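Owing to the predicted nature of the structure, the values given are computational and were not obtained by experimental measurement.
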There are 4 protein chains.
Amino acid sequence: MSPRKTFERLPLAKKERVLEAALHEFAQHGYGGASINRMVERAGIAKGSVFQYFGDKEGIFAAVFSHSLHQVKNALRRIRDDADDTDIFNRIERVFHTGLAFTQNHPLVYRLYTHLITASDIPQRDLLLSSLRSEGKFFLGEILQAAMERGEIRSDLPMDEALFLLEAVMDRFLMATVMPCLESDFLHESSPKDRVRGFIRILRHGMAPEKP
Amino acid sequence: MSPRKTFERLPLAKKERVLEAALHEFAQHGYGGASINRMVERAGIAKGSVFQYFGDKEGIFAAVFSHSLHQVKNALRRIRDDADDTDIFNRIERVFHTGLAFTQNHPLVYRLYTHLITASDIPQRDLLLSSLRSEGKFFLGEILQAAMERGEIRSDLPMDEALFLLEAVMDRFLMATVMPCLESDFLHESSPKDRVRGFIRILRHGMAPEKP
Amino acid sequence: MSPRKTFERLPLAKKERVLEAALHEFAQHGYGGASINRMVERAGIAKGSVFQYFGDKEGIFAAVFSHSLHQVKNALRRIRDDADDTDIFNRIERVFHTGLAFTQNHPLVYRLYTHLITASDIPQRDLLLSSLRSEGKFFLGEILQAAMERGEIRSDLPMDEALFLLEAVMDRFLMATVMPCLESDFLHESSPKDRVRGFIRILRHGMAPEKP
Amino acid sequence: MSPRKTFERLPLAKKERVLEAALHEFAQHGYGGASINRMVERAGIAKGSVFQYFGDKEGIFAAVFSHSLHQVKNALRRIRDDADDTDIFNRIERVFHTGLAFTQNHPLVYRLYTHLITASDIPQRDLLLSSLRSEGKFFLGEILQAAMERGEIRSDLPMDEALFLLEAVMDRFLMATVMPCLESDFLHESSPKDRVRGFIRILRHGMAPEKP
DNA sequence: AATGAATGAGCATTCATTCAT
DNA sequence: TATGAATGAATGCTCATTCAT
């Protein structure tokens, strides 16, 4: 019987236990550093089983990634289904908050993502990354495009750079919420809500003083 | 005699060969994945020596990190020594280009930094990271502060968020130059110079259309 | 119900599929190297079934061996039923060709035999081997004995050694047809028919020049 | 340092202990079935060491094979250095006895050889086999050739078949001395010396009765 | 001070076998 | 009766570290 089938047929609770253990391990130690021994111990299953389910380490990673991607897509879909009748800056603000909620509900998924970006020993890394990025970039790109058409952003705005900048801030913001060491001191001084508002203000009006 | 002393007294060429090999290995494979076997082979020294010099794997990493931090500090100092008589946005633009030059001259150092951010198996990680960040944040923070005092930026600008945003864009921009997979398509469409100019323009004036 | 009975009652096609898969696996990889996983995949049955049928790996091997021995016996019987009214050398020549035909129809059976000879991890190996050898030796021995009684071979011929020699040549000849690496160059230079005739000539007249 | 160098520099006693243990394991269980665990236990060294010495399992096998081949070559050289002033049948008889002495001094080497012939999972099998066979065939071929030139064998003798036949008997004879199960009953009835003499007699004069 | 041989724990993976369904 | 999920021991192999020379 196909090995993946075996896993799919497991009781839901067990499936989740296994996937959680695997995600935990990969998120914590990266691909190469992840130990299947620790994984199975955390999941409470026999070592052989995990190979029956996923074939090999790459298979485990693929399953974990796919599962996580699924969750990300759901989150994005939820945003997209939001009414888009508001101003772009309101939308972006909402996107920030949705992202924040996601990383707080699924911190391990986000850590997995950061590993995917920096590590070089991940099996299908480039493929996975590009599948992920197309998802995200397309999403933010659409918002920008719509705003441009509505005249909500200045007509001479360099779109590629704006998109990159948006992504960068978003990414860094989420990263900081998952890895507190990045925000040693001042994360606690203001609420996330205020911080997001601050970002939006800068993105909207820029840093230069208004011309008289 | 203190083991570290032993390493310090080595002929410079050998020291550099050893540090380069270690940096290469850590940057390529992360902390956990780095193989001391490969390191000593690349450095052309005996396996025992590296333990005599640095004690253990952690010690090697600490030495590599310290060496890299040194290089970063030098680069920063060089920027600071630049005349600071220009507008903040010109300064930031220069900082971008200096950073770009640094990552292109020392790509391994930057990869080491990305590992430091994402991996969790690095000893003393939080300490190392915060030492790094205080360096960078202090530097950019000074620039912002000076600009504020000179009235080059709007007075109601939320400083913390501005600083964070600056860092985020800078970081992402450099990361993209080191790990090309992040810039699937459009990195090649415009020169780095143009891209930086685009970022600056957004940072300066914001994305919203000018009010009439 | 006896587990072996279970197997016997299977539909013939399934029985053959299972035995073929097992023979294939043992012949290819030897006893220790044979993988029951591969076997059941090739046979298209469940892993548990094979243990229900044969108990354990040894049981599988025993069944395969027994089945193969059966085929060998049939082949021998067919030779024996041949008219034996001819000269011993003609008979031996025919035996060679029959053996050749057998190994070409059942190369896996012969490979199983070679494993039996060389491997030492086969359960009951000595027993199986001796049962096999008694079969073959008895058969050739009978032919030799009859020839002696008819005066077709010289009266001072050392029978044990002659028998051994016959077996040796036969065995090697068949082995060479199954494992081509044994016949690096010259198997292809002359037809099997000619080669057999060459053997017979030597066996008949010896290598020494005829005395005047 | 080159791994092979490491092994070469070992104290002789240790080298021999390790090689003996490896030879024992391979001869007993074949290549695939050989367990490095058992090997190191028998040799009394750490598991890691064997990989330091030989790199991997293939390397171990290569070392064992090379060592064994060396011994075989020495034995052959000793035969060749014998005076060759005698009749071919005397020479062959001596070759039999030398081979017998060798297999009794080095039974494991011969078992290794039989594995080489029958197993299909040995790394460089075809290469190793052909290197071996060229050694042996060349040797016996030379003897036959010389005899032919001297007129010691009949001029119409098919040389290829004669060579094959010689090898077959020799091989089987030696095999029987190493694996007693092949000679269930009658090995003990006559001395090896007599048996060899029997073979020679048949090879010389053939099995057919002398013509009047 | 420098070497590199020795070590055993740990790695990913495969295995024969059991057993509840 | 047939199934295939579960298991843990064993596989070949790499590792960081120690230590005698």
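For the pair Arg38(C) CZ and dT14(E) P, the interatomic distance rounds to 10 Å; values are reported in whole Å. Rounded to whole angstrom, the span from the CZ atom of Phe54(A) across to the P atom of dA5(F) amounts to 13 Å. As a whole-Å value, the separation of Glu41(B) CD from dT14(F) P is 13 Å. Regarding Arg17(D), its CZ atom lies at a distance of 14 Å from the C1' atom of dA5(E), rounded to whole Å. Following rounding to the nearest Å, Ile60(C) (CD1) and dC15(E) (P) show an atom-to-atom distance of 13 Å. Rounded to an integer number of Å, the gap from CZ of Phe7(A) to C1' of dA6(F) is 15 Å. When the C1' atom of dA10(F) is taken as reference, atom CG of Asp121(C) falls 15 Å away, rounded to whole Å. One can place CZ of Phe51(B) at 13 Å from C1' of dT7(E), the figure rounded to the nearest angstrom.
Of the listed residues (Arg42(D), Lys15(D), His67(D)), just one forms a side chain to side chain donor-acceptor pair (under 3.5 Å) with Glu20(D), and that residue is Arg42(D).
Atom CD of Gln28(C) sits about 10.0 Å away from atom CG of Asp121(D), to the nearest 0.5 Å.
Judged by Watson-Crick or G-U wobble contacts below 3.5 Å, the nucleotide dC15(E) has dG8(F) as its partner. Searching all strands for a Watson-Crick or G-U wobble partner of dG10(E) with both distances below 3.5 Å returns dC13(F). Look at dA1(E): it lacks any Watson-Crick or wobble partner with both distances under 3.5 angstrom. When both pairing distances are held under 3.5 Å, dT21(E) makes a Watson-Crick or G-U pair with dA2(F).
Residues Gly48(B) and Asp56(C) both approach DNA chain E. Their nearest nucleotides, taken by heavy-atom distance, put Gly48(B) toward the 5′ side. The residue among Lys14(B) and Val50(D) whose nearest nucleotide of DNA chain E lies closer to the 5′ end is Lys14(B). Looking at which nucleotide of DNA chain F each of Gly33(B) and Ile36(D) is closest to, the 5′-most match is held by Ile36(D).
The aromatic rings of Phe61(B) and Phe26(B) stand perpendicular to each other, their planes meeting at an angle above 60°, with 30° marking the opposite boundary.
A donor-acceptor pair is defined here as one N or O able to donate and one able to accept, closer than 3.5 Å; no such pair exists between the side chain of Arg38(B) and the backbone of Glu25(B). Although no hydrogens or angles enter the test, the distance criterion places no donor-acceptor pair under 3.5 Å between the side chain of Arg111(D) and the main chain of His106(D).
The side chain of Ser49(A) sits closest to dT7(F) out of dT7(F), dA6(E), dG4(F). Set against dA12(E), dT7(E), dA1(E), the side chain of Ile45(D) has dT7(E) as its closest nucleotide. Comparing dA5(F), dT14(F), dT17(F) by their closest approach to the side chain of Gln52(A) singles out dA5(F). Taking every side-chain heavy atom of Tyr53(C) into account, dA2(F) is the closest of dA2(F), dC11(E), dC15(F). Between dC15(F), dT18(E), dC13(F), one nucleotide has an atom nearer to the side chain of Asn37(B) than all others, and that is dC15(F). Among dT13(E), dG4(F), dC15(E), the nucleotide with an atom closest to any side-chain atom of Ser35(C) is dC15(E).
Backbone-only engagement by Lys57(D) is indicated by non-hydrogen atom pairs under 4.0 Å involving sugar-phosphate atoms exclusively. Heavy atoms of Leu10(C) sit under 4.0 angstrom from primed sugar atoms or phosphate atoms, though from no base atom.
The phosphate of dG4(E) has neither OP1 nor OP2 within less than 4.0 Å of any side-chain N or O from Thr6(D).
Residue Lys47(C) places a side-chain atom within donor-acceptor reach of the base of dT17(E), judged by atom type and a 3.5 Å distance cut-off alone.
Heavy atoms from other residues, nucleotides or ligands lying under 6.0 Å from CD of Gln71(A) number more than 12.
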